[in-house]
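Here the structure is laid out as structure tokens; the discussion comes afterwards.
Read the numbers this way: they start at 1 and go in the same order the structure lists the ligands and their atoms. We're numbering straight along the sequence, starting at 1. Values in this document were obtained by computation on a predicted structure and should not be read as measured data.
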Amino acid sequence: MKPAPFTYHRAHDVRGAVESLHELGEDAKLIAGGQSLVAMMNFRLARPSALIDVNRIDALRYLRRDGEGLRIGALTTHHTVESSGSTAALAGFGVLSHAARWIGHYPIRTRGTIGGSIAHADSTAEWCLLAVLLDAQIVVRGQVGERSVAAADFFHGFLTTALEPEEMIVEILFPRPAPHAALSEFAQRKGDFAIVAAAVDLDVEDGVCSAGRIALGGVDAVPIRVPEAESLLQGAPATAETFRAAADAAAAAVEPGSDAHGDADYRRGLARTLIERACAQAIAV
Ligand SMILES: Cc1cc2nc3c(=O)[nH]c(=O)nc-3n(C[C@H](O)[C@H](O)[C@H](O)COP(=O)(O)OP(=O)(O)OC[C@H]3O[C@@H](n4cnc5c(N)ncnc54)[C@H](O)[C@@H]3O)c2cc1C
């Protein structure tokens with residue numbers, strides 16, 4: 001299939017992109033890496049009347065550290081994060097560069113952007129899952145200025161977010177993870193979106209978890225934290241038994257749907273296995 005007709009516009013800065021969104025109306029869409037949008041247009045699942053190409057806005061390609069954490073410009077590609085693991089900007093944020101390796105194939109990672117992924121809001125997308133796990137802030141710009149939305153409030157449902165039609169994501173701010181963090185996932189073929197993905201963030205001192213976070217993708221319309229499992233980590237020894245108990249609690253707490261990739265029980269089983277795996281990987285870091 002080919003896309004429905006659209007007009008093409010190019011923005012050279014954020015102000016121009018936002019103005020174009022305002023002028024062209026709510027059927028206009030930004031195009032970043034095009035790795036999700038073009039496929040949706042080709043299948044006619046998306047029929048934007050106009051595309052605003054933001055790829056020339058180089059000011060939105062950065063990885064920057066400050067007192068609040070790691071700021072990633074919206075047009076930073078998955079591959080840039082993946083290949084920056086050993087840089088000073090990503091010190092302590094290794095979970096991000098490791099997670100980027102799970103995204104699609106190499107050509108997809110060199111074109112696709114973190115802002116596009118967060119805007120697309122697939123529940124198993126690695127950036128969406130890590131944003132929820134780490135309480136990231138999504139910084140968006142519109143006609144009336146900038147606002148920051150907590151990841152927990154940003155994802156509203158299947159491919160649906162808090163983004164207004166005239167707004168553009170400009171930055172994602174990730175607070176520093178706990179010392180032990182990892183993401184694990186299962187897909188039927190390498191490079192596919194995960195069926196289920198699990199991410200954990202563990203604070204371990206003298207063999208005891210002082211705090212732990214667990215987030216799952218693929219068990220709900222949006223990535224979710226699992227407080228029923230997290231409470232079992234707090235104050236518990238960082239052992240395989242503790243991680244299994246937390247994984248069991250998470251599997252019991254979630255209510256996944258069924259689709260062609262697997263039914264609810266299959267997804268619960270994956271969630272259990274992937275949480276245990278992510279915890280084991282996290283404490284090995
Ligand atoms: C075969 C295949 C496998 C893939 N596997 C994975 C995977 O395993 N994990 C994963 O996470 N992703 C995967 N993807 C998707 C890929 O990561 C995309 O790059 C990503 O979902 C969208 O980023 P993009 O820059 O390409 O956005 P685009 O496709 O250009 O845009 C996607 C949506 O976001 C909007 N948008 C883009 N940028 C902004 C912005 N700054 N502000 C507001 N709205 C914006 C667009 O209007 C559009 O609605 C896969 C894609 C393919 C084709």
More than 12 non-hydrogen atoms from neighbouring residues, nucleotides or ligands closer than 6.0 Å to CZ on Arg61, yes or no? yes
A side-chain contact here means heavy atoms from C-beta on lying under 4.5 Å apart; do Val254 and Asp220 qualify? no
Need the ligand 1 atom indices (1-based, order shown) with element for anything under 4.0 Å from a heavy-atom of Gly112. 19 (O), 25 (O), 26 (O)
Would Arg64 pass as a cation-pi partner of Tyr62, given that its NZ or CZ must be under 6.0 Å from the six-membered ring centre and within 45 degrees of the axis? yes
Report the nearest protein non-hydrogen atom to atom 41 (N) of ligand 1: residue, atom name, distance rounded to 0.1 Å. Ile169 O, 3.0 Å
Return the closest protein heavy atom for atom 1 (C) of ligand 1 as residue, atom name and distance. Ile108 CD1, 3.5 Å
Can you name the atoms of ligand 1, numbered from 1 with element, that are less than 4.0 Å from a heavy atom of Ala119? 34 (O), 35 (C), 36 (N), 43 (C), 44 (N), 45 (C)
Return yes if some donor-acceptor pair links the side-chain N/O of Ser84 with the main-chain N/O of Thr87 below 3.5 Å, else return no. no
What atoms of ligand 1 come closer than 4.0 angstrom to any heavy atom of Gly33? 24 (P), 25 (O), 26 (O), 27 (O), 30 (O)
Under 4.0 Å from one or more heavy atoms of Gly191, ligand 1 contributes atoms 3 (C), 4 (C), 5 (N)
Note: ligand 1 atoms sitting under 4.0 Å from heavy atoms of Leu163 are 43 (C), 44 (N)
Any N or O on Thr113 sitting closer than 3.5 Å to an N or O of ligand 1? yes
Taking OH in Tyr8 as the centre, count heavy atoms belonging to other residues, nucleotides or ligands within less than 6.0 Å. Is the count above 12? yes
Taking heavy atoms and a distance under 4.0 Å, where does His105 meet ligand 1: side chain, backbone, both or neither? neither
Under 4.0 Å between a side-chain nitrogen and a carboxylate oxygen: does that hold for Glu167 and Arg147? yes
Quick check: Arg111 and ligand 1, any N/O pair under 3.5 Å apart? no
Any salt bridge between Asp263 and Arg268, counting N to O under 4.0 Å? no
Nearest non-hydrogen protein atom, atom 7 (C) of ligand 1: Gly104 N, 3.5 Å
At what distance is the nearest protein heavy atom to atom 31 (O) of ligand 1, and which residue and atom is it? Leu37 CB, 3.8 Å
For Ala74, is at least one N or O under 3.5 Å away from an N or O on ligand 1? no
Taking atom types as modelled, is there a side-chain donor on Thr77 or Thr80 under 3.5 Å from an acceptor on the other? yes
Check contact between Asp192 and ligand 1, using heavy atoms of the residue and a distance below 4.0 angstrom. yes
Are Glu82 and Arg109 ion-paired here, with the side-chain N under 4.0 Å from a carboxylate O? yes
Protein contact of atom 37 (C) of ligand 1 - nearest heavy atom, named by residue and atom, plus distance: Gly116 CA, 3.5 Å
Arg225 meets the salt bridge (Lys or Arg N to Asp or Glu O under 4.0 Å) criterion, sequence neighbours left out, with Asp135, Glu230
For Trp102, the ligand 1 atoms with a heavy-atom partner under 4.0 Å come out as 8 (O)
What protein heavy atom lies closest to atom 20 (C) of ligand 1? Include the residue and the distance to one decimal. Ser36 OG, 3.4 Å
So side-chain hydrogen bond (donor to acceptor under 3.5 Å, both in side chains) across residues 12-35, not counting sequence neighbours, yields His22-Glu166
What I want to know is whether Val38 and ligand 1 share at least one N or O pair that is separated by under 3.5 angstrom. no
Is the shortest N/O to N/O distance between Ile103 and ligand 1 below 3.5 Å? no
Give a yes or no on whether Val170 and Ile57 share a hydrophobic cluster (residues Ile, Leu, Val, Met, Phe, Trp, Tyr; joining criterion: side-chain heavy atoms under 4.5 Å apart). yes
Polar contacts were defined as any N/O atom of the residue lying under 3.5 Å from an N/O atom of the ligand; does this apply to Gly115 and ligand 1? no
Numbering as shown, the atoms of ligand 1 that approach Ile31 to under 4.0 Å (heavy-atom distance): 30 (O)
Looking only at protein heavy atoms, identify the closest one to atom 50 (C) of ligand 1 and say how far it is in Å. Phe193 CE1, 3.7 Å
More than 12 heavy atoms from other groups under 6.0 Å of CG on Asp259: yes
Short N or O distance, Gly34 and ligand 1, threshold 3.5 Å exclusive: yes
Measure the distances from the heavy atoms of Ala39 to every atom of ligand 1 and state whether one is below 4.0 angstrom. no
Quick check on Arg44: does its CZ atom have over 12 non-hydrogen neighbours (other residues, nucleotides or ligands) under 6.0 Å away? yes
Mind checking whether Trp127 and His78 have parallel, tilted or perpendicular rings, split at 30° and 60°? tilted
Taking both backbone and side-chain atoms of Glu126, is any N or O found less than 3.5 Å from an N or O belonging to ligand 1? yes
Transitively linked via ILVMFWY side-chain contacts under 4.5 Å: Val222 with Leu129? yes
Could you find the nearest protein heavy atom to atom 46 (C) of ligand 1 and give me its residue, atom name and distance? Leu30 O, 3.0 Å
Going by the closest heavy atom to atom 17 (O) of ligand 1, which one wins out of Gln35, His78, Met40? His78
